[in-house]
Amino acid sequence: MGLKTFPGGIHPHHSKKYSENASIEEMTLPKKVVIPLSQHIGAPAKPIVKVGDEVLVGQKIAEAGGFVSISMHSSISGKVSKIGKFHHPAGTMADAIEITGDGEDNWIELVDDSVEDLSIEELKKRISEAGVCGMGGAGFPTHVKLSPPAENPIDTVILNGVECEPYLTADYRIMLENAEEIIAGLKLLMSAVNASKGIIGVEANKPKAINHLKELTKNEPNIKVVGLKVKYPQGAEKQLIYAATKCKVPNKGGLPMAVGVVVQNVATAIAVYEAARYKKPLVERVITISGKIVKDPKNIKARVGTFYQDLLEYCGGTSSEIAKVISGGPMMGFAVPTLETPMTKTSSGVLLFDSKEAHKDDENTCLRCGRCVDVCPMNLVPSLIVNDVKYDDFDGALKYGALDCVKCGSCAYVCPSHIKLIQWIDIAKIKIAEKNRK
Amino acid sequence: MIILYSVATLGALGLIYGLVLAFASKKFHVEIDPKIEKIIEELPGANCGACGLAGCAAYAEAIVLHGEDITLCAPGGDSVIKEIASIMGIEASSADRKIAVIYCQSGGKDNTNLRYNYQGISTCKAAVMVANGPNICNYGCVSLNDCIAACKFDALHLDDNGMRVVDKDKCTGCGACGKVCPRALIEMVSKKKRVHILCKSLDKGADARKFCGNKTACIGCMLCVKKCKFDAIRVENNLATIDYEKCVNCGMCADVCPTSAIFDPLKEVRAKKREEAKKKAAAAMKAMAENKATEENK
């Protein structure tokens, strides 16, 4: 029997060799951090500090801007030095709070509670207070995912340890080094939504992680570790749900809760566990710095808001000139214009490429070969959406399902005409969202 | 005999159909304004669509029935506008036609200060979403030519320096280029107006000058405002704008602008004239002085 998977998808070279054997290292404290107010999906947080205020590590500096929003905490101790526009890993300019460190690491007071005694309300409150959001990439606020409406009971919590993006190894390393916390976090998540089943999905190219997790969950009848076929985008939420449970999340804005599932990243599970046990806010995460030209590719546990420049320096710099910096994975990440970009709660990696690797092909005319249709995991016709966008017909793009696109990039990867389909579809998504807001 | 029968049959048929047609033309007669026919005759008949309507006939109908602007026919030019004006009994001249003006002098091959090297899809609307666009100036042209692609009349071109220029004869003022520009740098202005402030930067003076690749940013220095005798210029948010209702094309503002952000095609001509006048005056003074000297010597 073959491994579980989903229809469509591609097989990019996984290039994980650079950093997969590098154990997680804790980075030295950065002198300065920039904490964007929008690191997640939903309303941006509202700052509650002023320039000049002294802050401790873990102190709340911005309040959630609504229910679908999270609060932000200072990741170093020091002084608030500026509140304004800074570069954002998504390639844009966004509001952020800059904190200049005092060189010390003074934390707010943490507790050490037994997690078994926590009530569900207290657990959810702690998660929301700690500002936890999905750490896989999109950054959906975790407390929102854990508060499904009554008509959608949740029976399964799936932990996403797939990490199908090439190069990235942060999740792989934490599955090897912090597996106990992941499992404890999964149990907390299951109790928060009263789910009876827990599944940890891992791609089959990480046998060590699968065996390690299986070993630890030997005596847990409710928790299953599932090896999944090596295929991109296996780690996309809906594709993972389909592969693990054979349940299909409806298109046109359907959420996993419609089929009784909540998906969380493995890193989020650790953040949940730490929030519940220590009341520790989400101020640090593991991030992969990789690429052929990086002298010493690493998996670093770094504070949120650390500049890419500092992360790269910690890895010894690059052996040749940098031509492209990508925040996130190479398939779904964003190219950023400067290394003065801060990492966020959702940053899973920083990749650096030289001009040879980052070569650019000019777009040609669509050949109507249909390869994009074959590989689309969402059963869309990407070429038709792009045609509509090129002629500014955003209603047409919407009709062809532009909003269902998960921006996995499979279509652009296989396109023989080098059409940058995702960039075009992204325009449609932004324009449609603007229109809806009006 | 056969010939007779055929002639009679065909004749009878012809008579019957003729009567039916005659009846129909009387019964279903539609009153058409004779002006429409006259205007159709005057229009070039190319059905090019430059006016934004389906064709010449549709445009003529729109003029007579819906009061459409009579200056929209680009290929017809002056003479047609005059003819239509006389048919309609109104006054108008071709100079009332609006054409596109591009409000940025930067953005060429060599005169853009780049923040990063943009490699994404070749369209302005995508480029401006990536960290406020590839050029340092957050208000300037990103040089990906969406406007040229949008122009249906071949009125926008790249010059040798990679700058977009408007062909004033071909531009119909349809506004398509302005609609696609994500920075709103293109506006339709009456062809009569000659003086334009070609900058949309709201940055502070020093920054604006530093960011502009061509060093022709408006720095909000207010010199033009002081110079203008017609109260036609206003500075808001570090940017001067001309009120075209009040502007009389005198070009005084262009003469004083320290960064040449104000464009006036006659600026050089005027400067030359002034130079010549100065020379003349100097020569006259010299001659007078010489005359005086010779008289005194006598």
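Computed from a prediction, not measured in an experiment: that's the story for all the values here. So you know, we letter chains A, B, ... as the sequences are listed, proteins then strands, and number each from 1.
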Query raised in the report: Side chain, backbone, both or neither: which part of A:Ile419 has a non-hydrogen atom closer than 4.5 Å to chain B?
Result: neither

Report task. Name the region of A:Val389, side chain, backbone, both or neither, that has any atom closer than 4.5 Å to a heavy atom of chain B. Result -> backbone

**Report entry** Side-chain donor or acceptor of A:His88 paired with backbone N/O of A:Lys85 under 3.5 Å
**Finding:** no

**Report entry** Portion of A:Glu363 that has a non-hydrogen atom of chain B nearer than 4.5 angstrom
**Finding:** side chain

Query raised in the report: Would you call A:Lys420 and A:Asp426 a salt bridge, using N to O less than 4.0 angstrom?
Result: no

Query - Under 3.5 Å donor-acceptor, B:Asn238 side chain and B:Ser201 backbone - result: no

Requested in this report: Answer yes or no: is there a donor N or O on one side and an acceptor on the other, between the side chain of B:Lys215 and the main chain of B:Lys210, under 3.5 Å?
Outcome: yes

